[in-house]
Protein chains: 2
Amino acid sequence: MDSNNKSAQTTPVSAQAHVGDRIDVCVDAMGGDDAPSVVLEAIRQLCASTSDLDQQIKITLTGSAHDIEPIAARYPERVSAVPTTQVITMDEHPAHAVKQKRDSSIVVGCKLLSDGRADAFFSAGSTGAVMTAATLQIGRIRGIKRPAIATVIPALAGPVVLLDVGANADVEPEYLLQFAKMGSIYAHKVLAVAQPRIGLLNVGSEPSKGSRLVQAAYALIEQEVAGFIGNVEGNDIFSGRVDVIVADGFTGNIALKAMEGTVGTLFSELKRVFMSSPTNKLAAALIKRDLAVLKDHLDIEVIGGAPLLGLRHAVVIGHGSSSAFAILNGIRQTARASLSRLPQLIEEALFV
Amino acid sequence: MDSNNKSAQTTPVSAQAHVGDRIDVCVDAMGGDDAPSVVLEAIRQLCASTSDLDQQIKITLTGSAHDIEPIAARYPERVSAVPTTQVITMDEHPAHAVKQKRDSSIVVGCKLLSDGRADAFFSAGSTGAVMTAATLQIGRIRGIKRPAIATVIPALAGPVVLLDVGANADVEPEYLLQFAKMGSIYAHKVLAVAQPRIGLLNVGSEPSKGSRLVQAAYALIEQEVAGFIGNVEGNDIFSGRVDVIVADGFTGNIALKAMEGTVGTLFSELKRVFMSSPTNKLAAALIKRDLAVLKDHLDIEVIGGAPLLGLRHAVVIGHGSSSAFAILNGIRQTARASLSRLPQLIEEALFV
């Protein structure tokens with residue numbers, strides 16, 4: 001943590017590397033449907049954990065004094081409290097809310113990073129508000145046109161990074177090129193994929209397929225990104241033949257929600273079938289445990305959250321419906337992104 | 001069938017209505033992975049059927065003389081053969097193939113419609129080739145900017161029409177308005193949805209969400225399309241709250257394939273779990289029948305194929321992997337579209 005860093009917008013990111021250090025993750029105590037209780041429970045579990053990574057993590061909580069001061073008092077070595085008086089809700093307009101609620105847990109949390117008082121930020125609050133506040137307060141990596149929201153899809157053959165899933169509805173080919181580079185670095189450094197295979201989400205495999213946008217992006221990515229395997233289609237997300245899928249934020253968001261909706265529908269229908277007769281209930285009892293394993297495999301919670309890529313510090317957004325377990329995983333993911341010097345590596349990759 | 005219609009490009013579509021008539025469906029005998037055998041089997045089943053709709057249908061087959069002449073000889077009252085010498089394969093470039101293979105089953109089939117020798121066309125061959133040949137030979141309905149490929153998703157709460165799923169990667173707001181109108185008419189007239197609810201595929205519910213394209217389209221559709229319920233998201237496709245979902249062909253295609261890939265992955269994983277131990281095999285035996293019902297519910301084959309909307313005649317494209325059952329359903333769907341005067345109704349709707 002570099003407490004002299006008041007000029008976050010101009011200093012090269014690489015000046016802020018802290019490999020092997022204790023990592024200070026700022027956590028929004030008010031973010032998520034079941035906040036603050038699930039957030040506080042996640043912090044308790046973190047402080048009780050004996051794993052190497054968990055013990056490296058120091059927490060700064062933003063949120064109401066009433067909620068966060070007791071836990072900071074209980075774990076004075078591990079947890080600090082920065083009380084805030086406002087909360088941005090899920091249904092507020094992100095840009096307006098960030099502008100007006102300057103003392104909200106999200107805005108203050110992001111400001112702690114630019115002030116050098118924390119290394120990374122995790123929130124299960126409003127995606128739009130975190131995106132807006134982080135971009136304003138933390139700033140983009142030099143050369144990055146647009147930050148992207150990535151998501152890690154727990155495909156059976158291994159995690160797949162899909163980006164952008166919502167930050168940028170209208171993009172240029174060069175943005176997609178940058179998304180490809182950022183996604184590749186994320187897969188390699190945070191998810192430990194040895195040689196990430198990068199695909200461009202499109203409607204067919206040939207380079208001539210798709211919109212003018214993706215045709216132009218194809219040419220750029222092919223030239224500059226190692227591991228580019230060409231176009232992939234909507235059904236490749238679970239196919240295991242690609243590790244990073246590049247899309248504009250409009251298409252990526254719709255593909256992600258189409259998959260989530262399909263998984264949700266199928267499991268709720270399966271449950272209905274299993275409960276629909278005594279015979280089926282018996283079958284359910286026999287197979288329940290193995291089906292739960294399959295469901296866990298496809299459960300977004302295990303992974304934790306969506307990293308924002310392209311910012312000068314590691315920022316991860318958790319699902320609004322996160323449990324304490326999901327939030328704990330999200331905090332770990334945030335710490336790993338920061339420890340792996342993700343922003344610095346992205347900056348370096350842009351200037352190869 | 002109007003045998004005097006030599007000027008398909010200029011005559012209003014409404015001159016060609018044939019409600020209650022016998023309907024002549026031209027079928028591409030060479031289209032599909034298992035053609036011609038599955039196509040011929042579908043025709044045999046159709047000729048043996050005693051249902052009112054099936055008995056109304058007369059078939060004209062295009063394809064190799066060797067394959068189609070025997071069945072035409074067997075059912076002389078019901079089946080005619082128009083021998084062709086070329087086949088467009090799935091991996092050919094559609095526009096090139098249509099230009100070069102003038103005596104292919106697809107090009108000749110489409111030409112039969114413009115010559116007034118058939119009312120409607122069904123093929124399980126190359127989507128791109130059928131789209132290109134149909135647009136060139138049959139022509140667009142007056143006022144239609146771009147034809148769209150629709151697909152009927154067998155959601156549990158009822159069929160959902162998603163369009164465009166691949167004809168137009170780059171679109172204008174006005175195209176999306178026309179897709180909304182065409183999809184609504186299709187749902188009402190062919191799928192018998194009393195008052196179709198139309199949604200615009202987007203990344204959030206507010207009108208201000210999404211790309212510049214969908215924001216502009218929202219305003220147009222809201223003004224002109226009855227039953228518009230606003231934006232819907234990727235996870236609404238199975239939600240039952242919308243009957244017609246409007247998208248550009250790039251987004252629609254990717255959403256559709258993402259869902260297909262997810263359903264496929266889940267059922268193959270379920271199968272693996274069910275086969276993985278003697279206990280699980282017992283559970284599978286108990287529940288097999290009910291799961292098959294669920295799988296059938298989600299099986300695209302039951303519906304048949306993807307209608308091309310905006311052309312002067314009914315054209316439906318079947319899946320390449322179609323079985324005889326799927327092809328038979330596709331032929332029925334083609335006949336229903338033509339009997340319901342779909343092209344005429346679309347033309348009328350454009351000039352309200």
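Values below: every heavy atom of this structure, side chains too, minus hydrogens, waters and symmetry copies.
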Please report the shortest heavy-atom distance between [X] and [Y], naming the atom on each side.
X: A:Phe250; Y: B:Val214; answer: CZ-CG1, 3.6 Å
X: B:Gly249; Y: A:Val203; answer: O-CG1, 4.3 Å
X: B:Ala255; Y: A:Ala258; answer: O-CB, 4.1 Å
X: B:Leu266; Y: A:Val263; answer: CD1-CA, 4.0 Å
X: A:Gly261; Y: B:Asn235; answer: CA-CB, 3.8 Å
X: B:Ala169; Y: A:Ser211; answer: CB-N, 3.5 Å

Any side-chain heavy-atom pair of A:Val293 and B:Val273 under 4.5 Å
no

Answer yes or no: is there a side-chain heavy-atom contact under 4.5 Å between A:Leu270 and B:Leu291?
yes

Quick check: does any side chain N or O of A:Asp170 sit under 3.5 Å from a backbone N or O of B:Arg212, one acting as donor and the other as acceptor?
yes

With a 4.5 angstrom heavy-atom cut-off, could you sort out which part of [X] is near chain A: side chain, backbone, both or neither?
X: B:Asn202; result: both
X: B:Ser276; result: side chain
X: B:Val171; result: neither

Which value, rounded to the nearest 0.5 Å, describes the distance between [X] atom [atom1] and [Y] atom [atom2]?
X: B:Glu233; Y: A:Leu256; atom1: CD; atom2: CG; result: 11.0 Å
X: B:Thr279; Y: A:Arg289; atom1: OG1; atom2: CZ; result: 10.0 Å
X: A:Leu294; Y: B:Arg272; atom1: CG; atom2: CZ; result: 7.0 Å
X: B:Glu269; Y: A:Asp290; atom1: CD; atom2: CG; result: 11.5 Å
X: A:Ile287; Y: B:Leu286; atom1: CD1; atom2: CG; result: 10.0 Å
X: B:Glu206; Y: A:Asp91; atom1: CD; atom2: CG; result: 9.0 Å

I need the residue from B:Asn168, B:Asn280, B:Leu213, B:Asp248 with the largest number of non-hydrogen atom pairs under 4.5 Å to chain A.
B:Asn280

